[in-house]
Number of protein chains: 2
Amino acid sequence: MTFDTDPAQSDRSRDALTAAHLYYMQDLTMDAIAQELHTSRSSVSRLLSHARETGLVDIQIKSPLDAPSHLEQQIEARFQITAHVVPVPDSANDVDRLERVALSVARILGQYFDSNMTMGIAWGSTMNAISRHITPKQTHNSQIVQLNGAGNMRTTGLGYASEILGRFGTAFGAHVQQFPVPAFFDDPATKQALWRERSVSRLLEMQAIMDIALFGLGSPFSGVVSRVYAGGYLEQAEFDALGAAGVVGDVATVFYRADGSADGIALNERSTGPDFTVLRRTPRRICVVAGRSKLASLRGALAASLITDLFVDESTARALVEAP
Amino acid sequence: MTFDTDPAQSDRSRDALTAAHLYYMQDLTMDAIAQELHTSRSSVSRLLSHARETGLVDIQIKSPLDAPSHLEQQIEARFQITAHVVPVPDSANDVDRLERVALSVARILGQYFDSNMTMGIAWGSTMNAISRHITPKQTHNSQIVQLNGAGNMRTTGLGYASEILGRFGTAFGAHVQQFPVPAFFDDPATKQALWRERSVSRLLEMQAIMDIALFGLGSPFSGVVSRVYAGGYLEQAEFDALGAAGVVGDVATVFYRADGSADGIALNERSTGPDFTVLRRTPRRICVVAGRSKLASLRGALAASLITDLFVDESTARALVEAP
DNA sequence: AATCGGATTGAACATACGTGCAAGGAGCCC
DNA sequence: GGGCTCCTTGCACGTATGTTCAATCCGATT
């Protein structure tokens with residue numbers, strides 16, 4: 001049984017390691033490294049890319065002491081959470097914004113997730129963006145578990161969600177636990193029945209003991225429609241009911257109001273996402289938000305105490321600390 | 001009292017931090033960053049240099065699993081120490097060799113040294129080379145303590161040694177404890193008398209409880225003469241006596257033989273360096289060696305169990321694992 | 001207020017770097 | 001063994017980056 005020690009790959013990685021040493025520790029030029037490795041400069045360039053992509057080289061930004069920016073301090077003081085404000089120029093559009101916040105999260109995630117841990121993962125455009133950029137890190141005995149179902153009337157959702165899950169899994173060398181159910185059941189009774197099944201309850205157990213939850217926010221009633229609302233998951237009537245109930249957002253297809261409350265929202269009874277009382281027991285709950293359209297949703301999630309660590313673009317962060 | 005929060009510097013560092021985020025976390029080009037920061041591309045280049053030099057950006061090379069190279073494994077198995085083999089082409093001369101090993105050590109040192117620690121520092125060309133390249137890291141309540149005196153018949157040695165010490169001190173924000181004595185006393189009795197002085201014994205106490213010792217090796221009887229032997233520290237007669245006693249090297253001006261023994265070497269009675277029995281109590285003893293001329297000295301130091309962590313250039317490492 | 005020295009800036013230049021491309025190899029199937 | 005694809009390599013090109021230099025700014029000093 002070969003681990004990742006197949007001779008070809010190992011050769012390449014060994015060279016990449018040496019090249020990384022020479023480049024990052026000894027400040028040699030790629031040309032000089034090429035000579036030492038008896039190859040061409042281009043190959044060295046590629047080796048170094050490989051080293052960075054595979055997480056062989058790890059670049060961290062330190063926050064010596066003063067680091068928390070003014071904004072971060074304000075957010076932390078006001079909401080009792082850890083804040084990471086991602087600098088994005090105000091002129092950027094929402095797509096760039098999401099991409100850049102996601103990239104920052106993807107690069108830093110390895111500092112949170114480690115061996116023997118379990119991480120819960122939502123799905124959606126935010127999670128998708130993150131998954132495409134994660135810097136890999138080898139872990140052992142770790143689990144990635146899907147937080148909520150992704151099926152709808154048209155598809156099982158297995159393709160989209162499992163693509164995301166899979167990227168997380170391979171990046172961390174973790175076991176992946178899929179949750180092959182629809183996002184919402186038609187009948188609450190189906191959910192209750194299924195929840196008693198051993199195969200499902202095993203997964204719910206894992207959610208209950210996860211160390212990290214990672215999720216974006218849905219914002220049903222703002223400019224950009226979240227994936228949940230565009231993808232055929234909800235009927236118009238259901239959507240209207242959410243509005244009537246005063247819903248401002250969702251985490252893993254579980255909805256809440258501006259004050260953070262979620263009681264009496266009918267759709268939650270049929271949702272497959274984790275109940276907030278469960279979610280709040282997770283030690284680290286990382287929320288990733290990009291774009292001011294999610295501001296109301298963010299405020300609600302904060303009011304509901306769903307977040308311990310927030311990644312947010314600069315302009316949304318500024319809006320957040322302004323008077324509500 | 002201003003810490004490092006003087007407004008000008010803080011502005012610069014804040015920009016550097018942002019630039020580092022944008023460059024290393026979001027893969028923007030310097031041009032794009034310049035626009036966001038309303039400055040020129042050159043300034044961004046300088047900001048990023050600044051960020052790297054000040055340790056604001058930390059680049060680490062991971063050793064995922066297989067990392068210990070063959071050579072490192074061999075050394076570790078044979079001598080029960082941790083080995084870091086620095087890749088240096090065989091064609092490099094001894095000066096390059098030292099420079100490159102020192103650079104690697106300087107970059108990685110921050111991973112060993114932290115707040116509330118005490119590190120003992122030798123002096124010499126190796127330590128000098130390292131000191132010129134250390135990547136800074138802010139620590140609190142930490143100490144840098146000089147291991148052995150640096151004075152000789154000509155100078156107090158304060159200039160040279162304290163320059164080295166000082167660079168370590170400022171790089172880590174640590175208190176610096178100099179040791180203003182000659183490298184060797186003329187009369188052992190002077191040493192004993194001085195060693196009872198409270199000012200000196202306070203420093204010896206600190207040496208006794210240090211967490212890390214960092215030193216190069218002296219090799220009196222090989223091609224390149226160590227600083228100790230060229231700088232007027234020893235008279236010819238003393239030098240000859242070392243040869244007669246079978247000495248192969250020294251650590252912080254304390255000498256040893258090929259088998260690691262140090263008993264009965266007269267000069268050690270007059271040396272100001274730490275007794276090996278004291279040194280061996282230090283949990284981490286980092287030795288930096290470059291150049292095959294130090295091979296015999298290295299073998300002796302290993303036999304004397306003076307080393308827990310070894311940094312060595314590739315070709316010397318190869319020579320080390322060959323049959324003695 | 002004038003002058004000086006040192007630090008900072010952007011333009012221009014010289015390198016260093018990333019990447020598309022065609023050529024060469026290594027496996028694999030026929 | 002020939003021919004196929006897929007992967008890797010080095011070259012060449014265009015772009016990105018580091019660095020020098022003259023101009024400018026800033027603060028301190030006279």
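Computed from a predicted structure; not experimentally measured. Sequence lines set the chain letters: A, B, ... in the order given, protein chains first and strands last, and positions in each chain run from 1.
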Distance, rounded to the nearest Å, where A:Arg41 contributes CZ and C:dT15 contributes P: 14 Å
Short side-chain N/O contact from B:Ser49 to OP1 or OP2 of D:dG18, under 4.0 Å: no
Protein-nucleotide distance (A:Glu53, atom CD; C:dG18, atom P), rounded to Å: 11 Å
Any B:Ser40 side-chain N or O less than 4.0 Å from OP1/OP2 of C:dT9: no
Minimum-distance pair of heavy atoms, taken over all atoms of A:Ser315 and A:Arg292: OG-CD, 3.4 Å
Check the interface with nucleotides 20-24 of chain D: list each N/O to N/O pair with the protein under 3.5 Å, or write none.
unit_1	atom_1	unit_2	atom_2	d
D:dT20	O4	B:Arg46	NH1	3.4

Distance, rounded to the nearest Å, where A:His50 contributes NE2 and D:dT8 contributes P: 10 Å
Residues A:Glu36 and B:Arg100 bridged, charged N to O under 4.0 Å: yes
Side chain to side chain contact (heavy atoms under 4.5 Å, CB included) partner of A:Leu320, the single match among A:Val289, A:Val312, A:Leu310: A:Leu310
Atom CD of A:Gln177 with >12 non-hydrogen neighbours under 6.0 angstrom: yes
Side-chain ion pair, B:Glu53 and B:Arg46, N-O less than 4.0 Å: no
For atom CG of B:Asp15 and atom C1' of C:dT8, their distance in whole Å: 13 Å
Between P of C:dA16 and CG of A:Leu48, the distance in whole Å: 15 Å
side-chain N/O A:Ser45 vs C:dG18 OP1/OP2, d < 4.0 Å: yes
Contact residues, residues 19-31 of chain A to DNA chain D [heavy atom, < 4.0 Å]: none
CA sep, side-chain torsions, deciding dist, call: A:Ile134, A:Phe172, side chain to side chain contact (heavy atoms under 4.5 Å, CB included): CA-CA 9 Å; A:Ile134 319 168; A:Phe172 293 118; 3.8 Å; yes
Whether over 12 other heavy atoms sit under 6.0 Å from B:Gln35 CD: no
OP1 or OP2 of D:dG18 under 4.0 Å from side-chain N/O of B:Arg52: yes
Salt bridge (charged side-chain N to carboxylate O under 4.0 Å, His left out) partners of A:Arg97, counting only residues at least two apart: A:Asp94, A:Asp313
Aromatic ring pairing A:Tyr112/A:His84, orientation class (parallel under 30°, perpendicular over 60°, tilted between): perpendicular
